[in-house]
Amino acid sequence: MQNTIKYQEDRQPIIELSAPSAGRALKFKRQLLQHVFDHSIESIMVTDEAGIILQVNAAFSEITGYSAEEAIGQTPRLVQSARHEPGFYQQMWLQLQQSGSWSGQVWNRRKSGEVYLQWLNINTLTDDEGRITHRVAIGHDLSGVKSTHHERTLFTFKDPLTQLGNRQLLTSRLDQALAEAERNRIRVGLMVIDVGRLRPVNEELGLAWGDDVLRQQARILQAAVDEADTLVRLQGDQFAVLRHSRAGDVTMAQLADKLLGLLGQPIVLADQNIVSLQPSIGIAIYPRDATDNAGLLQAAEHAHAMAKRGGRNRFQFVDQRQHDLHHRELLIEHSLHHVLNTAAGEGLSLHYQPQVFPGNGQILAMEALLRWEHPRLGAISPAEFIPVAEQSGQSVRLDRWVIEQVCAQIAEWRCHYPQLPVVSINLSAQQFSQPDFADWLQACIKEAGIQAEWLKLEVTETAMMMHKDTCVMMLGRLRELGFKISLDDFGTGYSALACLHQFPLDELKIDRSFMVEASLNERAFMLLKTIVGLAQQLSLSLVVEGVEQQHQLDLLADFGPLMVQGYFFYRPLPVVDVMGLLGERPAS
Ligand code: C2E
Ligand code: CA
Ligand code: CA
């Protein structure tokens with residue numbers, strides 16, 4: 001009995017079993033077949049004996065993305081993924097010829113390019129003389145379906161395209177490697193490699209060529225890594241190398257360098273097209289960069305992202321900069337501890353920056369600013385080490401060291417310059433959690449033989465808002481004792497505007513950023529003017545920080561009495577320069 005293909009009027013072909021008569025039973029059978037064909041969740045493809053597609057069902061179109069019109073007339077190559085070695089299809093073909101059927105798992109490719117796994121059954125239909133007339137391929141989509149144990153063992157650890165291991169294999173090997181490293185106190189290195197810029201290859205030459213490139217790169221990688229290393233393909237164009245031993249920074253860097261060189265070589269494709277890629281590599285080391293399996297992979301992926309951002313063709317250890325910064329911070333913290341404990345401020349010194357009445361250049365005050373010459377790191381800015389001191393709980397001691405120095409300095413200067421300007425001292429936020437601070441300060445000035453009115457205490461807006469209640473109380477007490485209180489960096493932290501009237505203040509220091517902005521745009525200038533007006537209404541004295549240029553100074557001309565502190569007049573000066581200045585300049 002010969003089977004024929006007929007087309008319905010709407011051009012949807014059906015399989016028609018050839019029949020001598022058109023009896024009712026046969027009609028029913030045909031309708032039933034048509035129904036199964038149309039509504040099957042399995043994809044069905046019918047080809048002729050030469051492999052030309054004659055018919056596909058709706059499930060086929062849904063799964064592959066190809067309509068019947070697009071598929072009919074093509075060959076099954078339309079959905080082949082190129083993930084299988086050529087030998088795979090030869091085997092399939094051979095078995096089909098010998099036994100008339102084949103079944104197994106196949107990686108196919110949808111129209112979108114996505115590759116999916118299918119369980120495929122191919123059967124051959126023959127006519128009465130045994131001549132092949134059709135082949136029917138019924139496919140069951142396995143993507144997203146939990147695979148059976150057999151499928152798991154077959155596919156879980158293997159990347160079908162490159163025949164390398166996959167992410168699951170890496171995870172499993174990482175578990176073993178980390179446990180071993182823990183036991184033997186050795187390092188484990190993990191490298192995430194991106195062969196780079198594969199997208200243009202896929203887009204311009206086609207996905208099959210992209211696969212070809214990946215297979216070539218996989219072979220290059222395999223030849224380059226040690227036998228003991230685990231090489232896997234993570235996803236897309238990303239590979240990973242896990243090194244169980246000899247995973248020091250130097251050996252990992254050497255391997256990365258070698259791989260970059262090899263992967264960066266132009267690749268000649270089978271069609272003689274030449275492709276040049278730009279690989280990038282991220283390296284993470286256990287236990288330095290992470291404490292567990294997932295963390296190490298994440299760290300290596302992060303390092304890889306940094307390498308990629310850094311311009312490709314390069315490798316990068318985990319957050320090298322962050323790493324260095326962390327080390328530097330630890331060194332600063334440790335050294336500060338040493339300086340404050342043992343060597344009585346060795347390397348620390350104070351500079352003083354005058355605050356000037358711009359009308360006549362008179363120095364009305366000076367701000368004491370810390371300087372630190374570190375034995376290994378050189379000069380470190382207080383903008384860097386003060387936050388470290390604050391985070392490591394050393395800022396209270398550091399402030400007190402500064403205050404003692406300043407008090408002693410004032411006492412000494414007063415002997416020579418009875419009209420010495422007021423000296424400003426910066427207080428860190430932590431002082432407000434020290435209930436004894438006011439008493440301590442009072443004892444300190446008494447010991448130095450100086451008066452409270454000769455000192456101004458600068459507190460930042462942020463510190464004030466952080467410890468609002470204790471701050472109001474403590475500053476009230478300090479003010480009663482005669483110290484002047486200045487609100488530093490006004491306008492940068494939390495807005496203290498609403499509570500400005502609650503704080504016992506003498507002075508407002510307008511942050512440098514306002515001066516910078518005001519000289520650039522009108523709105524910022526108006527804002528500066530408003531703050532100045534506000535301070536004047538609250539009877540606060542004013543210091544404008546960061547005046548560097550004449551034109552900035554000119555902006556302040558109509559603002560009424562205020563002080564300026566900035567490079568235009570003076571930079572922070574070492575003690576010797578201050579003495580020279582005090583000798584030649586009239587003080588208040
Ligand atoms: P700050 O209290 O706002 O000090 C003013 C900073 O602005 C100083 O930086 C000063 O050198 C800089 N400056 C002054 N005029 C100008 C100018 O016209 N242009 C520019 N670009 N900058 C100017 P410095 O000395 O690096 O201090 C940075 C910060 O470190 C200080 O900011 C303060 O918050 C903190 N600090 C400094 N010394 C101490 C201290 O003894 N104790 C505490 N707790 N903090 C301190
Ligand atoms: Ca200050
Ligand atoms: Ca300031």
Side-chain angles (χ1 to χ4, degrees), residues 332 336 339-340 345 347-356 358 363 365-373 379-410 422-434 437 441 455-464 466 484-493 496 505-519 531 542-553 555-556 563-575 577-578:
I332 289 176
L336 258 182
V339 163
L340 291 172
L348 290 174
S349 66
L350 285 161
H351 280 200
Y352 293 85
Q353 188 177 28
Q355 295 170 352
V356 172
I363 298 171
M366 297 187 292
E367 178 176 6
L369 293 161
L370 251 177
R371 296 291 175 262
W372 188 15
E373 189 66 32
I380 312 175
S381 158
E384 182 179 6
F385 69 79
I386 297 283
V388 176
E390 286 179 344
Q391 279 154 31
S392 57
Q394 302 191 82
S395 59
V396 168
R397 295 184 62 200
L398 189 61
D399 278 1
R400 293 189 183 194
W401 182 88
V402 170
I403 293 169
E404 283 170 349
Q405 301 299 308
V406 170
C407 289
Q409 186 67 74
I410 292 175
V422 172
V423 178
S424 253
I425 294 173
N426 291 285
L427 293 187
S428 57
Q430 276 75 11
Q431 291 302 343
F432 299 101
S433 47
Q434 306 292 309
F437 178 64
L441 187 60
L455 280 177
K456 239 183 340 189
L457 304 174
E458 294 194 6
V459 185
T460 65
E461 198 180 15
T462 311
M464 276 199 192
M466 247 161 75
K484 293 191 176 57
I485 309 295
S486 179
L487 179 54
D488 198 5
D489 297 348
F490 183 75
T492 56
L505 296 176
D506 298 280
E507 181 180 271
L508 208 65
K509 288 189 80 174
I510 301 175
D511 188 68
R512 192 172 82 83
S513 53
F514 281 88
M515 190 72 258
V516 173
E517 284 292 312
S519 55
I531 294 170
L542 261 173
V543 179
V544 179
E545 294 186 290
V547 176
E548 295 183 356
Q549 317 266 342
Q550 177 70 54
H551 71 92
Q552 292 177 321
L553 193 63
L555 290 176
L556 307 174
M563 285 177 271
V564 296
Q565 179 180 350
Y567 296 171
F568 181 72
F569 285 104
Y570 301 103
R571 286 180 175 259
L573 304 169
V575 169
D577 292 357
V578 178

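All figures in this text were calculated on a predicted structure; none of them were measured in a lab. Just follow the structure's listing: the first ligand is 1, and inside any ligand the first atom is 1.
- At least one protein heavy atom sits closer than 4.0 Å to atom 19 (N) of ligand 1.
- The N, O or S atom of D488 lying closest to the Ca ion (ligand 3) is OD1.
- Here N426 meets the criterion, with an N, O or S atom under 3.0 Å of the Ca ion (ligand 2).
- At a threshold of 4.5 Å between non-hydrogen side-chain atoms, the residues L398 and L340 count as touching.
- Contact annotation: for D399 versus ligand 1, heavy atoms closer than 4.0 Å belong to the side chain alone.
- Y567 OH, 4.2 Å is the protein heavy atom nearest to atom 12 (C) of ligand 1.
- Nearest non-hydrogen protein atom to atom 27 (O) of ligand 1 is P382 CG, 3.4 Å.
- At least one heavy atom of E545 sits closer than 4.0 Å to an atom of ligand 1.
- Scanning all heavy atoms of the two residues, the minimum distance from F385 to L336 falls at O-CD1, 4.1 Å.
- Using a 4.0 angstrom heavy-atom cutoff, R571 does not count as in contact with ligand 1.
- Within the coordination shell of the Ca ion (ligand 3), defined by N, O or S atoms under 3.0 Å, E458 is absent.
- Taking the N/O/S atoms of E367 in turn, the shortest distance to the Ca ion (ligand 2) belongs to OE2.
- Using a cut-off of 3.0 Å, one finds that D511 contributes no N/O/S atom close to the Ca ion (ligand 3).
- Checking S486 against E507 by side-chain atom types alone, a donor-acceptor pair falls below 3.5 Å.
- Not a single donor-acceptor pair under 3.5 Å links the side chain of D488 to the backbone N or O of E458.
- Atom 43 (C) of ligand 1 has its closest protein heavy atom at N426 CB, 3.5 Å.
- Under 4.0 Å from ligand 1, not a single heavy atom of H351 appears.
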Under the side-chain hydrogen bond (donor to acceptor under 3.5 Å, both in side chains) criterion, do T460 and D489 qualify, and how do the steps go? CA-CA 6 Å; T460 65; D489 297 348; 5.7 Å; no

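- For ligand 1, the polar-atom distance check against L370 finds a nitrogen or oxygen pair separated by under 3.5 Å.
- Less than 4.0 angstrom separates atom 30 (O) of ligand 1 from at least one non-hydrogen atom of the protein.
- A side-chain donor-acceptor contact under 3.5 Å links Q552 to the backbone of Q549.
- Within the 4.0 Å heavy-atom criterion, neither part of L398 lies near ligand 1.
- The proximity of L369 to ligand 1, defined as any non-hydrogen pair under 4.0 Å, involves the side chain as well as the backbone.
- The side-chain heavy atoms of L555 and S519, taken from C-beta on, include a pair separated by under 4.5 Å.
- Listed for the E517 side chain is no donor-acceptor partner under 3.5 Å among the backbone atoms of S513.
- Counting heavy atoms from C-beta outward, I363 and F569 have side chains that stay 4.5 Å or more apart.
- Shown here, atom 23 (C) of ligand 1 is in close reach of the protein: a heavy atom of it lies under 4.0 Å off.
- By the criterion of a heavy-atom distance under 4.0 Å, neither the backbone nor the side chain of I425 is placed next to ligand 1.
- Within E545, the N, O or S atom at minimum distance from the Ca ion (ligand 3) carries the name OE2.
- Within the coordination shell of the Ca ion (ligand 2), defined by N, O or S atoms under 3.0 Å, D489 is absent.
- In this structure, a donor-acceptor pair under 3.5 Å is absent between the side chains of E367 and Q353.
- No side-chain heavy atom of S433 sits less than 4.5 Å from a side-chain heavy atom of V396.
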